[in-house]
Amino acid sequence: MLVVMEEGAKEQQIQAVIDRMVALGLTVHRSTGVRHTVLGGVGPSETVDLAQFEVMPAVKECHRIASPYKLAARPFRPQGTVVKVGRVEIGGERLTLMAGPCAVESEEQIEQAAEAVARAGAVVLRGGAFKPRTSPYTFRGLGEQGLKLLRSAANRHGLVTVTEVMESAQIGLVAEYSDILQVGARNMQNYSLLRGLSEVRKPVLLKRGPSATFEELLLAAEYILTGGNYDVILCERGIRTFDTHLRYTMDISAIPVLKRLTHLPVVADPSHATGRRDMVPPMARAAVAAGADGLIIEVHCDPDRALSDGAQSLRPSEFAQLVEQLRAIAPVVGRKL
Ligand code: PEP
Ligand code: MN
């Protein structure tokens, strides 16, 4: 259930509502908006008589949330969530560009990529150190050494980092080096990983599973939110459909649908969605036009020699050209870049 407090409600009045919710056995999550404080009560709320809250001082309204996800639902934070990482904001007016290679391969490689993407306007450097690969015989990342190289390249160029954490046991290590922790598509329903991430106080980039419904995605996000980590960024990265021409099918409609269902920021990954370099710019443009809060794009300075996902990686000049196009599209949809 949700209790929306009146504008200017006093702390004491808010606390009185929290106390009553707790007394009824609910766990209370508080969202402080520009105008209203919203209190989300999770637990046995079906039998709670909402009228007892409606008559409390400074209560504006209260209602039950019909969706199975509660904290991820839009009404919990109608104004939208802005995830802040250092000077970077995800979900605000400014679009967030995340870019870099699929995997960290060497010091020189990640340094060159960091320099190139920063110059073009990216603010977040991506690069996998622990790589989930379909085949066990392919490059699976440099592990901790990769995390170190990503961190230092990002620091040299004033960038924030995002990198994947594949299992619960890696959370501490990855969180030591990276600003944002990525949950890969294959791990979207790894519930022990999600529970572990709910205890971390670092943002999580949660990728949609290739065959996950929106409800499944939002329930996965709910696992992280319910532990008190409210900084979740959703990522549409292509889903599996009947067509096999491209790597996946980029679900552009996921962007406006998710923006309606949830307050969480939504970014798009046209690289993994299409698997082809020439398809990345049109899908990136479409995602921004559809209302994405940002993009995560693979960029490699020598994609023909990349150890993973070279075919879908943009060269620095192609990325820079795309960013210029996005700068033209952004204002049309009320965004800055
Ligand atoms: C990645 O971003 O490196 C990745 C492996 O993506 P996904 O989990 O979406 O396949
Ligand atoms: Mn990749």
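First listed ligand is number 1; within each ligand, the first listed atom is number 1. All values below were derived from every heavy atom in this structure, side-chain atoms included, with hydrogens, water molecules and symmetry-related copies excluded.
- The angle that His272 NE2 and Asp309 OD2 make at the Mn ion (ligand 2), rounded to 10°, works out to 100°.
- Judged purely by atom type and a 3.5 angstrom limit, His36 has no side-chain atom pairing as donor or acceptor with the backbone of Ser31.
- Side-chain contact between Gln182 and Lys207 is present, with heavy atoms from C-beta onward closer than 4.5 Å.
- In terms of polar-atom proximity, Lys131 is counted as a contact of ligand 1, with an N or O under 3.5 Å from an N or O of the ligand.
- Summarising the geometry, atom CD belonging to Gln13 is positioned 6.0 Å from atom CE belonging to Met5; distances are rounded to the nearest 0.5 Å.
- Set against the non-hydrogen atoms of Gly184, the atoms of ligand 1 under 4.0 Å away are 8 (O).
- Distances between N or O atoms of Arg186 and those of ligand 1 include at least one value under 3.5 Å.
- Considering Met166, Arg133, Lys207, Arg126 only, the shortest heavy-atom separation from atom 6 (O) of ligand 1 involves Lys207.
- Among all protein heavy atoms, the one lying closest to atom 4 (C) of ligand 1 is His272 NE2, 3.5 Å.
- In this structure, Arg260 fails the cation-pi test against Phe214, since its NZ or CZ atom is not both closer than 6.0 Å to the six-membered ring centre and inside 45 degrees of the ring normal.
- Note on Val165 and Ile180: separate hydrophobic clusters, where clusters join Ile, Leu, Val, Met, Phe, Trp and Tyr whose side-chain heavy atoms are under 4.5 Å apart, directly or indirectly.
- With contacts defined as side-chain heavy-atom distances shorter than 4.5 Å, the pair Leu147/Phe130 qualifies.
- Any N or O atom pair closer than 3.5 Å counts here, and Asp269 shares no such pair with ligand 1.
- Of all the N, O or S atoms in Glu298, the one closest to the Mn ion (ligand 2) is OE2.
- At the top of the distance list for atom 8 (O) of ligand 1, counting protein heavy atoms only, stands Ala185 N, 2.8 Å.
- Within the model, atoms OH of Tyr69 and CG of Leu218 stand 5.0 Å from one another, a figure rounded to the nearest 0.5 Å.
- Those atoms of ligand 1 that come under 4.0 Å of a heavy atom in Arg237, given as number and element, are 7 (P), 9 (O), 10 (O).
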